[in-house]
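Reading through the structure tokens given below for one structure.
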There are 2 protein chains.
Amino acid sequence: MARRAGVSRATVSYVLNNAEAVRISEPTRRRVREAAEELGYVPHAAARSLRAGHTRIVLLPTPHVPIGPLYSTFLNELQWALRRLDYTVVQYGSLGLSGDEAVRAWAELRPVAVISLGEITLTSHNVATLKRAGARAVITMGPVGVPGAHALVMDQQEVGVRAAAHLVERGRRRIGVVVPREQGLELFSAPRLAGARAVAGAEVEALPMAYTEESAAELAARWRGLGLDAVFAYNDEYAMLLMRALQDEGLRVPGEVAVIGADDLLVGRLLRPRLSTVRIEMPTGDHLASLVDHAVREPSEVTERHDLMAAEAVHREST
Amino acid sequence: MARRAGVSRATVSYVLNNAEAVRISEPTRRRVREAAEELGYVPHAAARSLRAGHTRIVLLPTPHVPIGPLYSTFLNELQWALRRLDYTVVQYGSLGLSGDEAVRAWAELRPVAVISLGEITLTSHNVATLKRAGARAVITMGPVGVPGAHALVMDQQEVGVRAAAHLVERGRRRIGVVVPREQGLELFSAPRLAGARAVAGAEVEALPMAYTEESAAELAARWRGLGLDAVFAYNDEYAMLLMRALQDEGLRVPGEVAVIGADDLLVGRLLRPRLSTVRIEMPTGDHLASLVDHAVREPSEVTERHDLMAAEAVHREST
DNA sequence: TTGAAAGCGGTACCAG
DNA sequence: CTGGTACCGCTTTCAA
């Protein structure tokens with residue numbers, strides 16, 4: 001590239017980066033630009049960041065399973081927001097890697113920030129490794145903070161609390177809580193169950209169920225024997241499935257059993273009775289992105305905790 | 001790191017990469033490993049790939065909008081499959097960039113493969129730029145191939161064909177086709193509409209509609225004036241929304257109007273009548289990943305075309 | 001068995 | 001205004 005334009009590598013660098021510090025003559029600039037165009041020359045990101053000593057990579061560990069529309073939308077937004085701030089988003093799947101192995105693999109990329117959603121539980125040693133490797137921000141989202149990391153608390157427990165409290169308010173006592181049989185959802189389902197258990201006046205029973213019609217029908221078939229008068233069904237999708245199965249079994253909703261979901265999906269309003277739900281106020285992707293950006297530029301305020309998630313019960317017709 | 005263990009950088013490299021070619025004494029290996037552990041040393045991926053002359057990056061341009069559960073699941077699977085083959089997946093959002101700018105930005109990362117889903121339409125010049133930058137495989141997924149790229153044909157048009165043909169078979173003629181008002185879905189909706197238009201015996205009318213209850217109600221309110229006896233509603237989510245609105249308007253489904261969706265979502269079976277749909281046979285993530293892997297190792301067979309998507313109508317109760 | 005040194009492709013300093 | 005050069009961290013050849 002350099003000799004194609006008949007100049008030195010240094011000059012090429014100056015021209016292509018519009019360096020202010022040095023003055024390059026107009027004819028030279030033109031020659032360089034033309035040569036670059038002609039050769040389809042594109043600078044090499046690895047070489048650049050090697051020299052610079054840092055990258056603009058934000059590492060986002062990939063969830064093991066699809067997490068539902070609410071969360072996907074949030075992640076998608078987050079990616080776009082980071083892009084706009086000129087970060088490069090790297091999705092990194094870590095299935096089959098132990099926590100330490102995964103962290104080492106991440107550190108190889110020298111990300112400037114890591115946003116861990118909880119697929120892997122970070123230790124403070126892990127956080128230290130990442131920081132030594134150049135990470136200026138390590139952000140964990142989950143119920144519990146990690147020393148040395150920024151904690152963005154998104155407390156799923158609150159969802160369970162709101163659901164159970166809503167049912168109790170409406171006079172229900174014996175509450176079933178659906179726990180998905182699908183692997184990888186424990187991160188969400190366990191705190192939601194725990195939240196429901198924490199509500200005074202609720203007698204909670206965990207009900208494993210898979211996201212299939214068969215599993216829902218099987219649960220509905222033995223419903224009368226369970227002696228429950230309400231169910232919090234993990235989220236709207238499981239709730240819809242179970243509500244239908246209960247109705248097919250001849251049970252009246254909400255008469256004999258109240259049903260509430262979570263996520264406030266539009267489709268929940270299409271069933272009859274309309275599904276009651278817990279609306280979750282997710283932080284916007286822009287918001288989290290700017291938090292990340294801030295943490296990268298100002299890594300001083302390390303242990304700050306931000307509470308980001310709010311939840312409220314929405315009464316419709318199924319409770 | 002090197003002097004921490006009292007050896008040279010070369011020795012460190014040998015030990016950490018388990019180099020077969022050279023024999024290192026066991027005591028030395030141990031010293032190196034211990035020092036690495038102690039310092040939390042992790043090799044620098046950029047330096048490594050700079051030296052190696054190539055990366056294991058697979059670049060995946062991010063869709064502008066969430067694309068629906070079927071597609072998200074596919075993308076998620078694809079990422080995991082690529083990970084298992086030891087590739088690093090980089091999601092790259094290109095909003096606000098022109099095609100050429102986006103391609104240059106991608107090329108900077110020197111990806112070994114690019115899987116373009118169609119957010120950006122690649123020219124053969126773009127493909128050439130990527131290949132010069134080291135891409136051994138450029139894969140496009142969409143209705144049309146690009147010279148020089150591997151084309152994985154996923155013909156959305158087939159979905160429209162199957163839906164309309166199913167309706168015609170069942171004696172319907174005047175068919176409405178819902179076209180989402182949401183930006184970024186044209187990639188899918190336009191071919192689906194075109195497919196429906198191509199079916200003999202179908203008189204097709206395009207019906208713009210947003211994914212909101214208001215928009216569905218508005219469309220349902222003027223339904224009788226449209227003189228249609230069937231509707232293909234883009235996908236199951238739009239179909240459910242519209243079917244409910246039509247029922248609320250007092251129209252009998254399927255008596256007065258047949259409704260069919262696409263994607264075969266589980267929730268479609270929860271409404272009454274159960275929603276007819278077009279089931280789409282997506283390629284598995286593993287399949288595409290191994291195709292990518294093969295293309296990377298054997299870049300010779302460049303212009304091969306693979307047809308990957310099949311679709312069939314599933315009759316339930318709404319048609 | 002180990003070390004010295006070259007070189008990957010950029011950037012930035014200093015000299016001319 | 002432009003070129004030479006050192007250096008970022010790693011791999012790999014060649015010598016010792």
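Everything quoted here is computed from the prediction, not taken from an experiment. Labels below follow one simple rule: chain letters A, B, ... track the order of the sequence lines, proteins then strands, and each chain is numbered from 1.
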Taking side-chain hydrogen bond (donor to acceptor under 3.5 Å, both in side chains) as the test, write out the residues that go with [X], two or more places apart.
X        : value
A:Thr121 : none
A:Arg297 : A:Asp293
A:Ser124 : none

With a 4.0 Å cut-off on heavy atoms, is B:Ser49 in touch with a base, just the backbone sugar-phosphate, or nothing at all? nothing
Per the end-axis method with five pairs at each terminus, what is the bend angle of the helix from C:dT1-D:dA16 to C:dG16-D:dC1, to 10°?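 Nearest ten degrees gives 50° for this helix.
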Residues which pass side chain to side chain contact (heavy atoms under 4.5 Å, CB included) with [X], listed by chain and number, not counting sequence neighbours:
X        : value
B:Val89  : B:Leu60, B:Gln79, B:Leu82
A:Ala133 : A:Ala107, A:Arg110
A:Leu185 : A:Val65, A:Pro180, A:Glu182, A:Tyr234, A:Tyr238
A:Thr11  : A:Val7, A:Ser8, A:Val15, A:Ile24, A:Thr28

ring-ring contact (aromatic ring centres under 6.0 Å, His included) with A:Phe188: which residues, sequence neighbours excluded? A:Tyr71
Using the heavy-atom set of chain B and a strict 4.0 Å cut-off, write down the first and last nucleotide of DNA chain C that makes it in, 5' to 3'. C:dT1 to C:dG10
In 5'-to-3' order, the base (B), backbone-only (S) or no-contact (-) status of each nucleotide in nucleotides 6-16 of chain D, using a 4.0 angstrom heavy-atom cut-off, is BBBBBBBB---
Salt bridge present between A:Arg30 and A:Glu34 (N-O < 4.0 angstrom): yes
Partners meeting salt bridge (charged side-chain N to carboxylate O under 4.0 Å, His left out) with B:Glu158 (sequence neighbours left out): B:Arg162
